[in-house]
Protein chains: 2
Amino acid sequence: MDPIDRSLLRALQTDSSRSIAELADSVGASSSSCHRRIKSLEAAHIITGYSALLDPVRLGLKLHAFVEITLESQSRTAMERFEAAVAQFDDILECHLTSGNADYIVRIAARDLEHFDKIHRECLSLLPGVSSMRSSFAIRTIKRWKGYPTG
Amino acid sequence: MDPIDRSLLRALQTDSSRSIAELADSVGASSSSCHRRIKSLEAAHIITGYSALLDPVRLGLKLHAFVEITLESQSRTAMERFEAAVAQFDDILECHLTSGNADYIVRIAARDLEHFDKIHRECLSLLPGVSSMRSSFAIRTIKRWKGYPTG
DNA sequence: AGTGAAATGGACAAATA
DNA sequence: TATTTGTCCATTTCACT
């Protein structure tokens, strides 16, 4: 992991559809070296995959919510049951066990409030062992996710 | 946007490095139809780009934090100043204006607590007009982001 | 189905450390 | 010395028309 690898990762996070020649050019290396670097970053599982980025609004998903969830019990089995349920629901885009007041933070994308209500009823409220939930809605996105910093 | 487009978007979010022939196969369409569909999804800006996915742990980023930030004032200028500052800092990966108690929710990735402290001092504490901040650390990721649901 | 561009993989000498 | 790089090379795959 030298500076060229880092700038390569930055370039690939920004746009992975560019040709190796272009990438090589922008990071200041030869095509073959660039190709080799990408292959070894993949082999090292630093690059875990490639993905298309979608516009949520054009997909009809205008409502983003972060939901903080507290469990009634922090016992191992309660957490395992909760987490197994989370894995089932496709509407839960992301879930982290966190420090702080809430036990879990969950991310939801919905079409609108009505759809969020539906997700709330048919998914969030079915999660087992929940003591309390607090939802925050994203009114506006100030900064969108564009990959990890590479230093 | 028919069911084939939807399953194509799902496939492209999961793995955009597959060839068009493979994708066509998995969604049950011909290669040429699949190719045309991808081009029009790009032209419609439903697909906004392609990106490499990185493993944060192997990048040395073991600490994820969600920081809830409240401003002293919700005046237009206070918010604009805050948001302009957020845009400057590369360590802020994501930022949303939210409903609920906190005004903003911000996402941070750091190497460790020491690095987070550094980010806290050199970035978060420099944000203008902040009244209070509450940090939650991700202890464990239950479900990782894998793209938007496509229905 | 055909064309052209690009990814892939290999060999080897130069450079680097 | 050992590893990495750059410049060829040939082959194959694939995007695009």
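Below, chain A is the first sequence line, B the second, and so on; all start at residue 1.
The main-chain N or O of A:Y50 is never found under 3.5 Å from a side-chain atom of B:S17 such that the two would form a donor-acceptor pair. Of the possible polar contacts, one joining the B:S125 side chain to the B:H120 backbone as a donor-acceptor pair under 3.5 Å is found. A donor-acceptor contact shorter than 3.5 Å links the side chain of A:R10 to the backbone of A:G151. A side-chain donor-acceptor contact under 3.5 Å links B:T48 to the backbone of A:L53.
Contact annotation: the side chain of A:T98 never approaches that of A:E68 to less than 4.5 Å [non-hydrogen atoms, C-beta and beyond]. The side-chain heavy atoms of A:I108 and A:H64, taken from C-beta on, include no pair separated by under 4.5 Å.
Relative ring orientation between B:F116 and B:F137 is described as perpendicular, the plane-to-plane angle rising above 60° on a 0-90° scale split at 30° and 60°.
At the phosphate of D:dT7, neither OP1 nor OP2 sits under 4.0 Å from any side-chain N or O atom of A:S30.
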Identify all pairs in which a protein N or O lies below 3.5 Å from an N or O of nucleotides 9-11 of chain D, and state each distance.
none

When you check every protein heavy atom under 4.0 Å of nucleotides 6-12 of chain C, what one-letter string (B, S, -) results, 5' to 3'?
-> -SS--B-

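If you measure from atom CZ of B:R37 to atom C1' of D:dA15, you get 18 Å, rounded to the nearest angstrom.
Other residues, nucleotides and ligands contribute at most 12 non-hydrogen atoms within 6.0 Å of the CD atom of A:E114.
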